Engineer: 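Here you go, one structure.
Heavy atoms only: backbone and side chains are in, while hydrogens, waters and symmetry mates are out. No experiment lies behind these values; they were computed from the predicted model shown. Read the numbers this way: they start at 1 and go in the same order the structure lists the ligands and their atoms.
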Amino acid sequence: MQRDAGDVSSTKPSLEFFHYKGVKFTKGSIYTEENLRFVESEFQVQDDDVYNVTYPKSGTTWMLQILSLIYSNGDPARTRTVPNWLRSPWYETTSGQKCLKDLTPPRLISSHLPSHIFAKSFFTSKAKVIYTLRNPKDVLVSLYHFAKIMHVFEDPGNFDDFLDVFLRGDLLYGSWFDHVRGWMQMKGSSNVFFITYEELQQDLRGSVVRICDFLGRQLDEAALDSVVENATFKAMKDNKMASFGYVSNEFLDHSKGSFMRKGISGDWKNHFTIAQCDHFHRVYREKMRNLPVKFSWDEDWTEEGAPAL
Ligand code: A3P
């Protein structure tokens, strides 16, 4: 394994945080306790809503692009003229709440919220969630680089320090393990669909077909081709509306890195030492113990007999 952690010193200002029901949020204009309470207890989910839910850096923006294209029958015009955060706002943010008012149903809504603080009204509705997961070691690497350029994240320090932070879950939106375990409790529910970043990479077209089936939407071959063509890494990197190219420097320091960083699976191999990998797997095994689901990245240590995702 090779080190490619890019340990550069950062000039990011320090941030303040608050916790909402055990989950860490950054204090400031984007997250407020009042808005989180509203989202959890009062927000009215509509039966035709579709929620794009992830732990950060698991493929949120990719799924948002896919869903936007499915909703427009493959026509890329809107994905080239309207920034992604207006097409599918993050409803737990104060700015996202304001944008929701301009959405016409059926609404596409994004979220990084863990299930225990997700809108309660979802659980009695017919609305749908698409939950995208990614190999947590790649999530960690992606987040490590993103935290250096995105201002709502604390400076990640060096890679070893950040590994500890990630394993403790002491970061914005809390622990990856809790997030995945929480949402996995919905497995088997007819209105929650699980898919992995790795599946999207291995077979984007087949994944789009599966998502369409779940949403009850029929796309013809030309529309499917267009969804796939406009949701590749390159197409999204070239489209500033799909990749936060127009987010102001106040939030994202474009001079230090790109949101569309590498877009590959397995970059963790370029970052983890063998000792760090061992440490990660030990914590992973403990935290994911008894979860009756097998992921492509944990076949070495998941209990035998668990169903494949
Ligand atoms: P990397 O940092 O590993 O490159 P999120 O949208 O949840 O924040 O996830 C961002 C990650 O998804 C980044 O990963 C980004 O490059 C990757 N990504 C975004 N669009 C992609 C696409 N079309 N194909 C592959 N990866 C994509």
Side-chain angles (χ1 to χ4, degrees), residues 4-6 30 51-70 76 79-80 83-85 87-90 92-93 96 108-114 129-153 156 159 162 166 171-174 176 179-180 183 194-208 211 226-245 247 251-254 256-272 297:
D4 176 22
I30 297 184
Y51 292 82
N52 166 32
V53 183
T54 60
Y55 186 82
K57 312 316 289 177
S58 301
T60 331
T61 317
W62 195 1
M63 184 55 72
L64 193 165
Q65 179 78 350
I66 292 168
L67 292 172
S68 290
L69 288 160
I70 291 175
T79 67
R80 291 178 182 159
N84 52 10
W85 67 87
R87 284 182 267 128
S88 175
W90 275 250
E92 66 269 25
T93 64
L108 275 181
I109 298 174
S110 295
S111 179
H112 294 310
L113 287 181
V129 160
I130 295 184
Y131 188 77
T132 311
L133 313 90
R134 184 182 190 185
N135 183 333
K137 295 200 289 291
D138 282 335
V139 170
L140 189 158
V141 166
S142 182
L143 196 44
Y144 171 71
H145 289 284
F146 191 57
K148 292 180 190 174
I149 62 171
M150 180 67 175
H151 294 176
V152 289
F153 284 97
F159 190 74
F162 188 66
F166 186 90
L171 68 178
L172 176 59
Y173 287 107
W176 180 90
H179 207 283
V180 168
W183 278 105
F194 294 91
I195 192 161
T196 64
Y197 178 99
E198 291 73 16
E199 286 172 311
L200 293 175
Q201 269 200 327
Q202 277 156 20
D203 181 7
L204 184 52
R205 193 186 173 90
S207 299
V208 172
I211 294 164
S226 176
V227 175
V228 171
E229 201 179 299
N230 289 286
T232 62
F233 184 78
K234 180 167 184 330
M236 286 179 60
K237 197 174 169 82
D238 291 347
N239 175 3
K240 284 188 169 189
M241 294 291 180
S243 55
F244 297 105
V247 167
F251 295 111
L252 189 62
D253 189 342
H254 298 280
K256 289 208 181 122
S258 167
F259 177 86
M260 300 295 286
R261 194 182 59 90
K262 283 194 182 174
I264 58 169
S265 294
D267 196 29
W268 64 268
K269 293 175 192 154
N270 298 317
H271 289 74
F272 281 67
W297 53 83

Engineer: Do W183 and L133 come within less than 4.5 Å of each other through their side chains, counting heavy atoms only?
Structural biologist: no

Engineer: Taking the side chain as every heavy atom from C-beta outward, state whether T60 and T132 have any atom pair closer than 4.5 Å.
Structural biologist: no

Engineer: Under 4.0 Å, heavy atoms only, figure out whether ligand 1 is touched by the backbone of T232, its side chain, both or neither.
Structural biologist: backbone

Engineer: With heavy-atom distances below 4.0 Å as the criterion, list the atoms of ligand 1 near F259.
Structural biologist: 5 (P), 6 (O), 8 (O), 10 (C), 15 (C), 16 (O)

Engineer: Where is the nearest protein heavy atom to atom 23 (N) of ligand 1: which residue, which atom, and how far?
Structural biologist: A231 O, 3.0 Å

Engineer: Below the 3.5 angstrom mark, is there an N/O of P56, backbone or side chain, next to an N/O of ligand 1?
Structural biologist: no

Engineer: Please report whether ligand 1 has a polar contact with W62, defined as an N or O pair separated by less than 3.5 Å (distance criterion only).
Structural biologist: yes

Engineer: Just to be sure I read this right, does ligand 1 sit under 4.0 Å from the backbone of S243, its side chain, both, or neither, counting only heavy atoms?
Structural biologist: neither

Engineer: State, yes or no, whether a side-chain contact exists between N84 and M241 at a heavy-atom distance under 4.5 Å.
Structural biologist: no

Engineer: Hey, would you say the F162 and H145 ring centroids sit under 6.0 Å apart?
Structural biologist: no

Engineer: Please classify the S142 to ligand 1 contact at 4.0 Å (heavy-atom distances, strictly less than): side chain, backbone, both or neither.
Structural biologist: both

Engineer: Would D267 and K137 pass as an ion pair if we require N to O under 4.0 Å?
Structural biologist: no

Engineer: Counting heavy atoms only, which of T60, N52, L200 is nearest atom 5 (P) of ligand 1?
Structural biologist: T60

Engineer: Run the side-chain hydrogen bond (donor to acceptor under 3.5 Å, both in side chains) test against H112 and tell me which residues pass, sequence neighbours left out.
Structural biologist: T54, W90

Engineer: Hey, does M63 sit under 4.0 Å from ligand 1 if you only count heavy atoms?
Structural biologist: no

Engineer: How about N52 and S110: does a side-chain donor come under 3.5 Å of a side-chain acceptor?
Structural biologist: yes

Engineer: Using distance alone, determine whether I264 and ligand 1 share an N or O pair under 3.5 Å.
Structural biologist: no

Engineer: When you look for heavy atoms under 4.0 Å from ligand 1, do you find them on the side chain of K57, its backbone, both, or neither?
Structural biologist: both

Engineer: Using a strict 4.0 Å cut-off to heavy atoms of M236, name the atoms of ligand 1 that fall inside it.
Structural biologist: 20 (N), 23 (N)

Engineer: So F166 and Y144, ring-ring contact (aromatic ring centres under 6.0 Å, His included) or not? Walk me through it.
Structural biologist: CA-CA 9 Å; F166 186 90; Y144 171 71; over 10 Å; no

Engineer: Polar-atom distance check: R261 versus ligand 1, any N or O pair below 3.5 Å?
Structural biologist: yes

Engineer: Starting from atom 17 (C) of ligand 1, which protein heavy atom do you reach first, and at what distance in Å?
Structural biologist: Y197 OH, 3.8 Å

Engineer: Check whether any heavy atom of Y55 sits under 4.0 Å from an atom of ligand 1.
Structural biologist: no

Engineer: Can you list the atoms of ligand 1 that are under 4.0 Å from a heavy atom of K262?
Structural biologist: 4 (O)

Engineer: Which atoms of ligand 1 sit under 4.0 Å from any heavy atom of M260?
Structural biologist: 16 (O), 19 (C), 20 (N), 21 (C)

Engineer: T61 heavy atoms, cut-off 4.0 Å: which ligand 1 atoms fall inside?
Structural biologist: 5 (P), 6 (O)

Engineer: Below the 3.5 angstrom mark, is there an N/O of H112, backbone or side chain, next to an N/O of ligand 1?
Structural biologist: no

Engineer: Considering only heavy atoms, does F146 approach ligand 1 within less than 4.0 Å through its side chain, its backbone, both, or neither?
Structural biologist: neither

Engineer: Could you tell me the residue and atom name of the protein heavy atom closest to atom 11 (C) of ligand 1, and the distance to it rounded to 0.1 Å?
Structural biologist: R134 NH1, 3.7 Å

Engineer: Would N230 and S226 satisfy side chain to side chain donor-acceptor pair (under 3.5 Å), going step by step from the backbone distance to the final call?
Structural biologist: CA-CA 6 Å; N230 289 286; S226 176; 3.2 Å; yes

Engineer: For S207 and E199, does a side-chain donor sit closer than 3.5 Å to a side-chain acceptor?
Structural biologist: no

Engineer: Kindly determine whether Y173 and E92 satisfy side chain to side chain donor-acceptor pair (under 3.5 Å), including the steps that lead there.
Structural biologist: CA-CA 11 Å; Y173 287 107; E92 66 269 25; 2.7 Å; yes

Engineer: Check K148 against P156 and note the closest heavy-atom contact, atom names and distance.
Structural biologist: CG-CG, 3.6 Å

Engineer: Can you check whether K240 reaches P83 side chain to side chain, under 4.5 Å on heavy atoms?
Structural biologist: no

